[in-house]
Participant: 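Take this structure first; my questions come after.
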There are 2 protein chains.
Amino acid sequence: MNKKPTIKEVAKYAGVSPATVSYVLNGVKKVSNETKKRVLEAVDQLNYYPDFTAISLSKRKSNLIGIMLPLIEDTPASVFKNNFYYTEFVSGVELVSRNRKFDTMITGVGNPEECRQWVKKRNLDGLIFLGLFPEKLYNEMKTLNIPIVLIDTYEKYTNLFSNIQVNDELGGYLAASHLIELGHKDIAFIATDLKSSPVDAKRYQGYKRALQETGIKFNEKLTYQTYDITFEHGKKVAEEILKSEQKPTGIVTVSDVLAIGIMKALQMKHIQVPNDYSIVGFDDLSISEYTTPSLTTVRQDIFEKGKYAANLLINAIESEDVEHQTVELPVELIIRQSTKAL
Amino acid sequence: MNKKPTIKEVAKYAGVSPATVSYVLNGVKKVSNETKKRVLEAVDQLNYYPDFTAISLSKRKSNLIGIMLPLIEDTPASVFKNNFYYTEFVSGVELVSRNRKFDTMITGVGNPEECRQWVKKRNLDGLIFLGLFPEKLYNEMKTLNIPIVLIDTYEKYTNLFSNIQVNDELGGYLAASHLIELGHKDIAFIATDLKSSPVDAKRYQGYKRALQETGIKFNEKLTYQTYDITFEHGKKVAEEILKSEQKPTGIVTVSDVLAIGIMKALQMKHIQVPNDYSIVGFDDLSISEYTTPSLTTVRQDIFEKGKYAANLLINAIESEDVEHQTVELPVELIIRQSTKAL
DNA sequence: TTAATTTAGTTAACCGGTTAACCGGAGGGG
DNA sequence: CCCCTCCGGTTAACCGGTTAACTAAATTAA
C-alpha cells in the first residue's frame, strides 16, 4: 500500500540532494549540523528506512550472513541428525546477528559451486560452517574473499580461517576420569568416526590420557564407531557391545544422542543403567536432564558457541580484519544419574 | 577473485544486447532459436548466473521467504522452548524452498513495525508465521501484500490467510479414547493456555468429546495449564497434580515435552509410569521413542508440515494466487510404553 | 589583495539486472 | 505499389541506493 519512501523523497522533503541524505545516514562525509538536522527530521517524518537490496547492489554488501549445515536431506531421518545441536547453535547466531542488524540465512550445502553461487547471488557478507564438509569446499572458501568462521573443524584449517572449538581433549579426559574415579577399568569409547572427525579424535585422546595417567591399559577392542549421530545408531552400537567378548562397565560417548540411544537399547533388554553400565554423554542437550536415568555428560554451551561465532564473524566483517582467530570454549562435567561407582 | 560475469559480458560474448540475454533467460519475449542458442552457449561458457540482488531491485521480487518465530530471546531457556518442533518444521521449509530455488530467512519477531521493515528492506516474497503472535501483528500482515501462511493459528484468521493446521480435535480425542479403552476414568488434561491457544482448545474439545461419548463425567479439576512448553513446566505441573485431591490415573498432554517433564518429575518421586500413571504426549518428537518408558503419543508430521507450508507459500508467490487455502494434516495415535491398562 | 585551500553541498555515473518503447526489415493485403 | 503488421532485436530509462568528481562559497595563506 503506502509505499515506503525512497531516499529521493526524503531528499526533496529536506530540500537537499539524495547524496546528502546518504552522507548524513552513513556519516561518511562531513555535513553541517543544520542540514543534518533537517535530513534527520525528514527521515523521521516520512518514516524512512533504507532498502537493503539497493544498498546491497551498490555497496556489494548485504548485511546478510549465511550458515552452512552439512546435510539437510529429504529423508526425515537425516534431517534430525544432530538437530538439537543445530537448533541451539542457530538460535545463538540468530540472536546476535539480529541485535547487530544482520540477517541470517540458512542452507544445506551441496557442492562447492552451489556454495559459491549462493554467496555471490546474495552478496553474503560472511559465512559460518557448522561441522565437517567435503575437502573441495574448503579450497572454494578461500577464493570467496569473505570472512568465514568454522565450527568444530579440521585441525589443518584452523590457521586459514577463524574457528571455534571446544576443549574436546579435556572433555574426553573428564568423562573417562570420572568413570575411573568411580572404579571402572573397562571403559568403552563410542565415537562416530575417528578418522574423519577431528572432534571425536581429540576426545579420544583425552580418554586415552585419562587411562594412561591412572595406569589402565588401553584396549582397542573397547573402541566403537557409529559413523552417524542418531538415537538409532546409539541403539545399534549397544547391541554390538552386548555381543562382544570384551564387556566394558563404563561407556564414554561423543554425543548425548548416542548415549541416550545406548541407554534405551540396554533398558529394552532389562539391563540397568547405571547399575550394570555407567554411561557418559557429551554436549548436555536440554533433554539430557530429563532422561531416565538423567545423563551424566560433558557440557558445552552450544548456544554460547552460536553467539560467539556470530560476534566473531560480524566483527571480522565490520573491521575488515584479516586476522584469523581460534577460540576454544570450555567444557564441564555434569554428574547426574547415569554413572555410578562400580 | 575472478569476478562473476554480468549480463553485459554475456551479451557481448554472444554478440547481442543485454536485453536479449534477459529475454532468453526469462522466456518472456520471443527470441529466435538461433540467437537463443548463442546466448545459452555464452551463459554456459562464461558460467553466468544472475545476481539476485539486482533482480530483486528491478523486479521487486527477491526469491526469499521469511519464517517468523514467536520468540528467540536471550535466555537459553526461552530459545529452547519448543525447539524440537521448530527444527523439524524449519528443516522441511528449507528443503522445499531450496529445491524450488528460494532462499529462507529466519527471525524472531519483534513489534509489527519491525516485521514490516524486515519484509520491505529485504523485499521478501512471502512469509510463514509459526505459532501465535500479538494481535496487532495480524493487522499489519494484511497490509504487507505478500502471500502469508499461518501455522497453528487462531481460528478467526483462517479465512484471511492460508494456513496449515492439524486435526487437533481428533488428536485430543484419540489420546483420551486410548486411555478410556485402557479403563481409565480419571483423566487429566494438561494444556499450555486454553484461552489463548486455539490448538490446545481444540485438543481439549476432543478430549471432552471422548469423555462424553463414553459417559464419563467431565471434571474441571483435572484440567491444568502450564502457560509454557518446557520440560521444566512439565515438572511443575506434575507436582501440582501430586498435591491435588483429585488424582487422575491417566494424563493427556498437549506436548511430548510436557509429558516428558511430567514423567521425570514422577519418577524422581519413585512413582511409576505407566504403573501408577498412564501418560500420553503429543507431536511424536524423535526423542519420544527413546525415553524410558517410551512415550505413547499423538503423532503429527512436523517435517511434512514444514514442507507443505513452503509449497503452499511458493505456489501462491508464483501464481499470484489470491485464494486462501486451509489445510488440515492428519494425526495418528502411536502406542508405546507410557500407557497401560488400569 | 589575490591565490590557495577548505568546506558543504550537488551532479551524475554506477551497481546488475528488467522492460517499455522504439526500430528496421520481411511478409501480406488491398 | 503502397501501407500495415509482425518479427526479432536494440535502446534507454528505471529500481534505490552510493560515491567519485565537481563546484561555489567561505576561509586562510602569502
Side-chain angles (χ1 to χ4, degrees), chain A residues 2-40 42-43 46-64 101 117-125 145, chain B residues 2-40 42-43 46-64 101 117 119-125:
Chain A
N2 39 41
K3 234 179 67 29
K4 89 191 189 67
T6 69
I7 202 170
K8 280 169 196 151
E9 297 168 307
V10 173
K12 190 187 293 178
Y13 189 98
V16 297
S17 72
T20 302
V21 177
S22 175
Y23 288 135
V24 170
L25 262 23
N26 293 301
V28 51
K29 213 183 150 186
K30 192 120 192 65
V31 175
S32 75
N33 285 333
E34 170 58 29
T35 316
K36 199 179 287 182
K37 221 179 79 187
R38 283 218 317 285
V39 168
L40 260 15
V43 164
L46 302 180
N47 186 26
Y48 170 81
Y49 48 97
D51 185 321
F52 278 37
T53 305
I55 294 180
S56 183
L57 185 58
S58 68
K59 279 205 205 174
R60 264 77 283 291
K61 157 143 184 26
S62 58
N63 261 262
L64 220 44
K101 307 298 172 206
Q117 290 202 7
W118 190 49
V119 170
K120 295 292 182 184
K121 272 189 332 199
R122 298 283 182 196
N123 262 307
L124 262 33
D125 292 339
N145 281 342
Chain B
N2 41 40
K3 234 178 68 30
K4 87 190 188 73
T6 69
I7 202 170
K8 280 169 197 153
E9 296 168 308
V10 173
K12 189 188 292 178
Y13 189 97
V16 297
S17 72
T20 302
V21 176
S22 175
Y23 289 135
V24 169
L25 261 24
N26 293 300
V28 51
K29 212 183 151 187
K30 193 120 192 61
V31 175
S32 76
N33 284 333
E34 171 56 28
T35 315
K36 199 179 289 180
K37 221 179 80 187
R38 282 219 317 285
V39 168
L40 261 15
V43 164
L46 302 181
N47 187 27
Y48 170 81
Y49 48 96
D51 184 322
F52 277 38
T53 306
I55 294 180
S56 182
L57 185 58
S58 68
K59 279 207 208 175
R60 280 53 293 289
K61 161 148 183 19
S62 57
N63 262 264
L64 219 45
K101 308 299 172 206
Q117 290 201 6
V119 170
K120 295 291 182 184
K121 271 189 334 199
R122 297 283 183 196
N123 262 307
L124 262 33
D125 292 340

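Predicted model, so just to flag it, every value in this text is computed and none were measured. Within every chain, numbering begins at 1; the chains are lettered A, B, ... in the order of the sequence lines, protein sequences first and strands thereafter.
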Participant: At less than 4.0 Å, is any side-chain N or O atom of A:Ser22 found next to OP1 or OP2 of D:dT18? Yes or no.
Facilitator: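 It does, given that an N or O in the side chain of A:Ser22 lies less than 4.0 Å from OP1 or OP2 of D:dT18.
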
Participant: Using the side-chain heavy atoms of B:Lys8, tell me which of these nucleotides is nearest: D:dT18, C:dA21, C:dG16.
Facilitator: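 Among D:dT18, C:dA21, C:dG16, the one nearest the side chain of B:Lys8 is C:dG16.
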
Participant: Please work out if B:Val16 contacts a base, only the sugar-phosphate, or nothing of the nucleic acid, heavy-atom cut-off 4.0 Å.
Facilitator: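 If one applies the 4.0 Å heavy-atom cut-off, B:Val16 turns out to touch the sugar-phosphate alone, with no base involved.
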
Participant: In whole angstrom, what separates A:Ile7's CD1 from D:dT18's C1'?
Facilitator: 8 Å

Participant: Going by heavy atoms in the side chains, are A:Val24 and A:Thr35 under 4.5 Å from each other?
Facilitator: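 No, their side chains stay 4.5 Å or more apart.
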
Participant: Measure the CD-CG distance between A:Gln117 and B:Asn47 for me, rounded to the nearest 0.5 Å.
Facilitator: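 A:Gln117 atom CD to B:Asn47 atom CG measures 6.5 Å (nearest 0.5 Å).
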
Participant: I need the OH-C1' distance between B:Tyr23 and D:dG8, as an integer number of Å.
Facilitator: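 So the two atoms are 11 Å apart, to the nearest Å.
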
Participant: Taking any heavy-atom pair under 4.0 Å as a contact, classify A:Ser17: base, sugar-phosphate, or nothing.
Facilitator: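 Since a base atom lies under 4.0 Å of A:Ser17, the category is base.
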
Participant: What is the distance from CG of A:Asn26 to C1' of D:dT19, rounded to the nearest Å?
Facilitator: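 A:Asn26 atom CG is separated from D:dT19 atom C1' by 10 Å.
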
Participant: Identify whether any heavy atom of B:Thr20 sits under 4.0 Å from a base atom; if not, whether one sits that close to sugar-phosphate; answer base, sugar-phosphate or nothing.
Facilitator: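 It contacts base atoms.
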
Participant: What I'd like to find out is whether the side chain of B:Leu64 reaches to under 4.5 Å of the side chain of A:Arg122, using heavy atoms alone.
Facilitator: yes

Participant: Taking for each residue the nucleotide of DNA chain D bearing the nearest heavy atom, is the 5' side occupied by B:Pro18 or by A:Ala19?
Facilitator: B:Pro18

Participant: Can you sort out which residues in residues 46-64 of chain A have a heavy atom within less than 4.0 Å of DNA chain C? Ascending by number, please.
Facilitator: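 DNA chain C contact set from residues 46-64 of chain A: A:Leu57, A:Ser58, A:Arg60.
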
Participant: Expressed in angstrom and rounded to an integer, what is the separation of A:Asn33 atom CG from C:dT7 atom P?
Facilitator: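 Result: 14 Å.
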
Participant: Taking atom OH of B:Tyr23 and atom NZ of B:Lys36, what is their separation to the nearest 0.5 Å?
Facilitator: 14.0 Å

Participant: As an exercise, state the distance from CZ of A:Arg60 to OG1 of B:Thr53, rounded to the nearest 0.5 Å.
Facilitator: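 A:Arg60 atom CZ to B:Thr53 atom OG1 measures 8.0 Å (nearest 0.5 Å).
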
Participant: How many Å lie between NZ on A:Lys36 and C1' on C:dT7, as a whole number?
Facilitator: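 A:Lys36 atom NZ is separated from C:dT7 atom C1' by 14 Å.
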
Participant: Do the side-chain N or O atoms of A:Thr6 get closer than 4.0 angstrom to the phosphate oxygens (OP1, OP2) of D:dG16?
Facilitator: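 Answer is no, no contact under 4.0 Å.
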
Participant: Whole angstroms only, please: what is the NZ-C1' distance between A:Lys30 and D:dT19?
Facilitator: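 After rounding, the gap between these two atoms is 18 Å.
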
Participant: Could you state the atom-to-atom distance from NZ of A:Lys29 to P of D:dT19 in whole Å?
Facilitator: 12 Å

Participant: What distance do B:Ser32 atom OG and B:Arg38 atom CZ have between them, rounded to the nearest 0.5 Å?
Facilitator: 7.5 Å

Participant: Is a side-chain donor-acceptor pair under 3.5 Å present for A:Thr20 with A:Ser17?
Facilitator: yes

